[in-house]
Each structure stands twice: as C-alpha cells, then as structure tokens.
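All remarks here apply to the structure that follows.
These figures come from a predicted structure and were not determined experimentally. All values below were derived from every heavy atom in this structure, side-chain atoms included, with hydrogens, water molecules and symmetry-related copies excluded.
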Amino acid sequence: VPKDNPTGCYRHTFDVRDYSTDYRYFVVLGGADSAALLWLNGSWLGAATDSRLPSDWEVTHLIKPTGNLLAVQVLRWSDATYLEDQDMWRLSGLHRHVTLLAKPAEACITDYAVSTPLTFEGPVGGALTKAELNVTIKLEVTNPALLPAGCAAAKQAATAAAAAVLGDSSAAAGAAGADTDATAAAAAAAATATEGADDDSDSHKANTSKAYTSTECSKDFRVTVDLLSADGVSLLQNLPAKVKQRWYGADESSTPTFPAASATASTSTPGQQQQQRLIGYIAEVHINDVQAALAAAVTDSNSSNAQQSLQLWSAEAPHLYLLLVQLWVGGKVVEVEGCQVGFRTTYVADGRLLHNNRPLLLRGVNRHEWHERWGKVCDVEHRRQDILLMKAANFNAVRCSHYPNDSTWYQLCNYYGLYVLDEANIETHGFDPLFTDDTNHPAHHELWLPAMMSRVTRMYERDKNHPCIIMWSLGNEAGYGVAHDAMAAWLRRKDPSRPVHYE
C-alpha cells in the first residue's frame with residue numbers, strides 16, 4: 001500500500017428516533033472503496049475491506065438517544081485493492097447507504113434462507129409434478145425464559161416464589177420437586193422473575209405473575225411464515241416453524257455475548273455494561289407439496305381470490321410471491337422480515353443450460369454500476385431505466401460485472417424479469433497481465449484464501465433468496481488456483497439450484 005494514500009474523512013451526527021433499551025442497534029455500512037475505518041462516539045467499531053458488500057457492527061452499548069457522532073475514514077488504497085482490479089473508472093469514498101438497524105433485544109431474526117426445490121416428469125420439457133418450499137430462519141435470543149426449558153423453569157420458580165409468599169407449602173413442595181433439567185441460563189432468567197421485590201406481598205405477586213403470563217411455551221416464543229401473492233392476497237397463513245437450538249448455543253463456554261444497552265447509555269463507559277448471552281436457535285418450515293397446500297387453503301377458506309395453481313418464475317414470466325417471517329413473543333408479533341419469492345431452479349444437463357426444466361438461451365450484457373453524473377452512486381429510478389432499456393433491446397440476462405450490486409438491483413430484476421449472474425468482487429489480472437505465469441495470482445496462495453472465500457460466501461448469504469439469480473460467479477480474470485476450487489465447492493454444496501460460473 002503506497003504511503004501517498006488519498007483519504008476521505010466523514011463525520012455525521014444523529015439522534016435515534018424512538019430510542020429504547022428494548023432494542024439492539026447495528027450500524028450498517030453499505031459500501032466504501034476501498035477500505036473503511038469506523039468510530040462511534042469516540043469508540044472504535046472496526047474496519048471493512050470489501051467495497052461492494054455491506055458490513056455491520058453492533059453498537060447497542062455505544063448508542064445514545066441523542067447527539068451520536070459517527071466517524072468514517074475511507075482509504076483509497078488497501079490490501080483489498082489487490083483483489084479489486086476491475087477495468088472501470090476508479091472513484092473512492094462512500095458510495096452506498098450507511099444505516100442504523102434496530103432489532104428486538106429479547107429475541108430477533110438474524111437471517112433466513114428460502115429454497116424452492118422443483119420436480120419435473122420425464123425428460124427435458126416435462127411438466128412440473130411437485131414444488132417444495134423450505135424456509136430456514138436463524139434467531140438470537142437473550143431472554144432464556146422465552147425458550148422451552150426457560151419457560152418451564154420460570155413457571156416453576158414463579159410458582160414456588162408465589163407459594164412462599166402466600167404460605168402455600170404444598171404448592172412450594174410441588175414446585176421444588178418439578179423437573180430440574182432446565183439449563184442454567186434458563187434457571188437464572190427465571191430467578192429474575194422476583195428480582196427487585198420487597199417485603200410487600202403485593203409486590204411479590206406483581207413480579208411473579210410476569211413469569212407465567214402464558215400457559216404454553218409455544219405462545220411465548222414462536223415463528224410463523226405467511227405466503228402471499230404479488231398483489232398481497234394471503235395464500236398460506238401462519239405456517240408453524242419447528243424451532244431447535246443452534247450448535248453454538250449448546251456449549252455455554254463458546255456461546256457469544258453482546259453488551260447490553262444501559263438506561264444510562266449516554267453517561268456510561270463502554271465495556272462497563274452487563275454482558276448478555278446470545279442463545280442461537282433455528283426455525284424451519286417445510287412444505288412438501290406447495291400446489292397441494294394452496295389447493296387445500298382455497299378449500300378451507302372458500303376464498304375466490306386465492307390462487308390455486310402455482311406459477312413458476314422466469315425472466316419471460318416473472319411470477320413472484322411475497323414471503324413473510326414473523327417472530328412472536330408473549331402472543332405478539334415483535335418482528336417481521338420478508339422477501340420476494342420465485343419458484344425456480346437452474347442447472348446444466350447434457351451440455352445444456354436448463355431453467356425450470358426447459359432449455360435457456362441467454363441474450364445477456366455486462367453491466368457496471370454507473371451513473372453519468374453521480375459515478376458509482378445509482379438511485380432506484382436509474383436502475384429501473386437500465387432494466388427497461390435492456391428489456392426493450394431484447395436482452396433477458398445481465399452479468400453483475402464484476403462485483404455484487406446494490407440489493408435494490410436484484411429486487412428490480414426479480415420484478416421486471418432478468419436472469420442475473422451474480423459475481424464476487426474479485427479480479428486480479430494485474431498480477432499476470434501478459435498471461436505468462438498464472439501462479440502469480442493470489443488464488444494460488446493460502447494467505448489470500450480467507451479473503452477470497454469471504455467475498456464469495458458473503459455474496460451468497462446476502463443474495464441467496466433472489467429468484468432472478470440463476471448463476472454464481474467466482475469473479476473475473478483472477479487466474480485459476482486452489483482458491484477457486486474451494487469457492488466453487490462451497491457454493492455447489494450450499495446451493496444445488498444454481499450453476500457456478502468463472503472466466
């Protein structure tokens with residue numbers, strides 16, 4: 001990295017609308033070229049070195065209701081520049097949005113993945129026989145009393161405490177003899193049900209009643225999924241998710257923690273606030289036959305608006321559905337996430353590219369993110385006009401050359417209908433410009449493997465739910481080394497519904 005390194009410094013003051021300690025807060029940096037360093041209220045947050053994918057940091061312990069100062073330093077050149085040698089106009093700085101994200105503190109949705117396996121009859125061109133819908137939701141929980149073991153422990157502790165206050169020895173004995181196989185974390189949370197109570201028995205009653213407001217744990221903490229048509233008509237409602245603990249939550253010594261928000265966040269010192277344990281859970285919904293489920297829903301509801309036949313997504317007929325993921329706590333919806341869903345699959349068979357079991361001829365174009373006046377900053381209307389121009393010129397496909405685009409680009413391609421080749425932010429042709437020694441490329445060296453893998457895996461995780469994406473690309477003009485084998489293997493294992501491309 002040269003010593004002469006042009007640097008941009010950004011400072012922004014902001015207040016948090018409806019600030020509450022019931023939320024966790026995250027700063028999300030959409031994109032900065034080529035490296036960004038961040039501070040919030042004078043405290044170091046971290047650095048980001050992929051200029052085309054978002055990075056985020058939890059700032060719950062640093063955020064204040066008013067008078068926050070976010071400082072960002074952007075460096076033109078960094079070690080990441082060696083992986084971002086695309087042929088393009090080079091403009092440095094912040095080029096995508098910087099946002100503040102709020103998530104419920106007790107429990108929240110951290111990610112979700114949607115897949116739509118399709119089965120067709122006979123050879124190429126055969127009709128659809130079955131469509132599945134799989135939804136996997138990742139959750140983080142900070143209140144163990146919401147979880148099944150925690151619910152039981154909380155009720156037992158509350159019953160025993162109430163019995164002790166009221167002098168009911170039989171109830172207290174029953175509670176003491178109840179199942180004690182709850183987790184230590186859940187028991188600790190249950191113990192807080194009576195925390196803060198004094199000698200006044202009414203205070204004890206008020207505190208203990210909070211621990212068993214619901215008689216069923218499933219009503220305290222659950223996840224449901226809805227499927228709607230593109231125009232908002234409900235097709236499948238309240239599909240229950242099966243919740244199970246994630247692997248890292250099983251080992252308390254390795255379970256991650258986060259700094260809890262403080263009621264005196266404006267005056268407290270970072271690092272002094274209480275650490276809260278994150279418990280990871282996964283919720284899963286599986287519909288083995290979507291067409292049958294849709295037909296059954298129509299019969300049950302007698303609704304004339306519901307669609308009985310499933311429509312597949314293609315660029316020529318971009319039929320979309322809306323999927324909503326709802327997180328329930330205490331009988332109320334505390335968070336909703338949603339995305340466009342298109343039922344599709346793409347694969348290669350007998351030397352032909354097939355989309356939904358039909359041969360696909362791509363008439364595509366490479367596209368850089370570029371605005372004639374704003375450089376790399378493109379608004380939604382500019383992207384829409386690009387798509388309409390492509391459609392008018394009879395293009396049906398676009399390659400994101402040579403990096404992941406802003407998320408709104410894929411949403412528009414889903415809606416208007418364009419096949420998209422999503423490409424990792426990797427190009428290193430400067431290492432071997434004359435094509436004389438391929439081993440000069442970083443792809444051959446293990447020290448570069450984590451950075452290259454990160455660019456592919458993070459691209460996949462951000463964009464995996466977009467139906468318009470029919471292929472993943474490992475980048476462009478970066479030689480061919482073991483890193484490419486590793487990236488391709490990872491993508492093929494994670495996503496059998498899309499081929500992997502590289503040139």
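- Between the side chain of Tyr419 and the backbone N or O of Gly364, no donor-acceptor pair lies under 3.5 Å.
- Side-chain atoms of Trp472 never come within 3.5 Å of backbone atoms of Val456 as a donor-acceptor pair (strictly under, hydrogens ignored).
- You'll find the side chain of Cys468 stays beyond 4.5 Å of the side chain of Tyr415, heavy atoms only.
- Within the model, atoms OH of Tyr19 and NZ of Lys64 stand 11.0 Å from one another, a figure rounded to the nearest 0.5 Å.
- Met487 and Met452 get closest at one heavy-atom pair: SD-O, 3.4 Å.
- Classification of Glu461 and Arg458 as a salt-bridged pair fails, no side-chain N sitting under 4.0 Å from a carboxylate O.
- Salt-bridge annotation for Lys244 and Glu284: present, with a side-chain N of the basic residue lying under 4.0 Å from a carboxylate O of the acidic one.
- Of the possible donor and acceptor atoms, none in the side chain of Asp350 sits under 3.5 Å from a partner among the backbone N and O of Arg352.
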Criterion ring pair (Phe, Tyr, Trp, His ring centres under 6.0 Å) on His319 and Phe343, from CA distance to verdict: CA-CA 8 Å; His319 295 291; Phe343 287 82; over 10 Å; no

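- Looking at heavy atoms from C-beta onward, Leu354 lies out of side-chain contact with Leu360 at the 4.5 angstrom threshold.
- Between Tyr460 and Trp490, a ring centre-to-centre spacing shorter than 6.0 Å is recorded.
- Across every non-hydrogen atom of Arg462 and Pro54, the tightest pair is CD-CD, 3.8 Å.
- Of the possible polar contacts, one joining the Ser314 side chain to the Ala317 backbone as a donor-acceptor pair under 3.5 Å is found.
- Electrostatic pairing of Asp386 and Arg367 counts as a salt bridge here, judged by a charged N lying under 4.0 Å from a carboxylate O.
- Counting only heavy atoms from C-beta outward, the side chains of Leu128 and Leu312 approach each other to under 4.5 Å.
- Between Lys130 and Leu118, the closest side-chain pair of non-hydrogen atoms is not below 4.5 Å.
- The side-chain heavy atoms of Asp226 and Gln326, taken from C-beta on, include a pair separated by under 4.5 Å.
- We find the CD-OG1 distance between Glu132 and Thr116 to be 9.5 Å, quoted to the nearest 0.5 Å.
- A donor-acceptor contact shorter than 3.5 Å is absent between the side chain of Ser473 and the backbone of Tyr502.
- Put simply, the side chain of Glu369 reaches to within 4.5 Å of the side chain of Arg96, judged on heavy atoms.
- Cation-pi geometry between Arg222 and Trp328 is met: under 6.0 angstrom from the ring centre, within 45 degrees of the axis.
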Step-by-step side chain to side chain contact (heavy atoms under 4.5 Å, CB included) determination, Tyr410 to Asn465: CA-CA 10 Å; Tyr410 306 95; Asn465 295 331; over 6 Å; no

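- Looking only at side-chain heavy atoms (C-beta outward), Leu40 and Ile63 come within less than 4.5 Å of each other.
- A salt bridge links Glu503 to Arg399: one of the charged nitrogens lies within less than 4.0 Å of a carboxylate oxygen.
- A side-chain donor-acceptor contact under 3.5 Å links Ser234 and Gln237.
- Asn396 places a side-chain N or O within donor-acceptor distance of the main-chain N or O of Arg363, the cut-off being under 3.5 Å.
- Of the N and O atoms on the side chains of Tyr347 and Arg498, not one donor lies less than 3.5 Å from an acceptor on the other residue.
- The distance from atom CG of Leu139 to atom OH of Tyr281, rounded to the nearest 0.5 Å, is 10.0 Å.
- With respect to Lys464 and Asp111, a salt bridge is recorded, a charged nitrogen being found less than 4.0 Å from a carboxylate O.
- Side-chain contact between Val365 and Met390: present, with at least one pair of heavy atoms (C-beta onward) separated by less than 4.5 Å.
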Audit row: Lys103, Glu337, salt bridge (Lys or Arg N to Asp or Glu O under 4.0 Å) steps and yes/no: CA-CA 11 Å; Lys103 305 283 281 185; Glu337 294 278 1; 2.9 Å; yes

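- Summarising the geometry, atom CG belonging to Leu29 is positioned 8.5 Å from atom CG belonging to Leu70; distances are rounded to the nearest 0.5 Å.
- Taking each heavy atom of Leu412 and Arg383 in turn, the nearest pair found is CD1-CB, 3.7 Å.
- Aromatic ring centres of His368 and Tyr403 lie closer together than 6.0 Å.
- Cys400 and Asn405 make their closest contact through CB-ND2, 3.6 Å (heavy atoms, listed as atom of the first residue, atom of the second, distance).
- Judged purely by atom type and a 3.5 angstrom limit, Thr136 has no side-chain atom pairing as donor or acceptor with the backbone of Ala113.
- For the 3.5 Å distance criterion, the side chains of Glu140 and Thr142 fail to qualify, holding no donor opposite an acceptor.
- A salt bridge is defined here as a Lys NZ or Arg NE, NH1 or NH2 lying under 4.0 Å from an Asp or Glu carboxylate O, and Arg358 with Glu316 fails to meet this definition.
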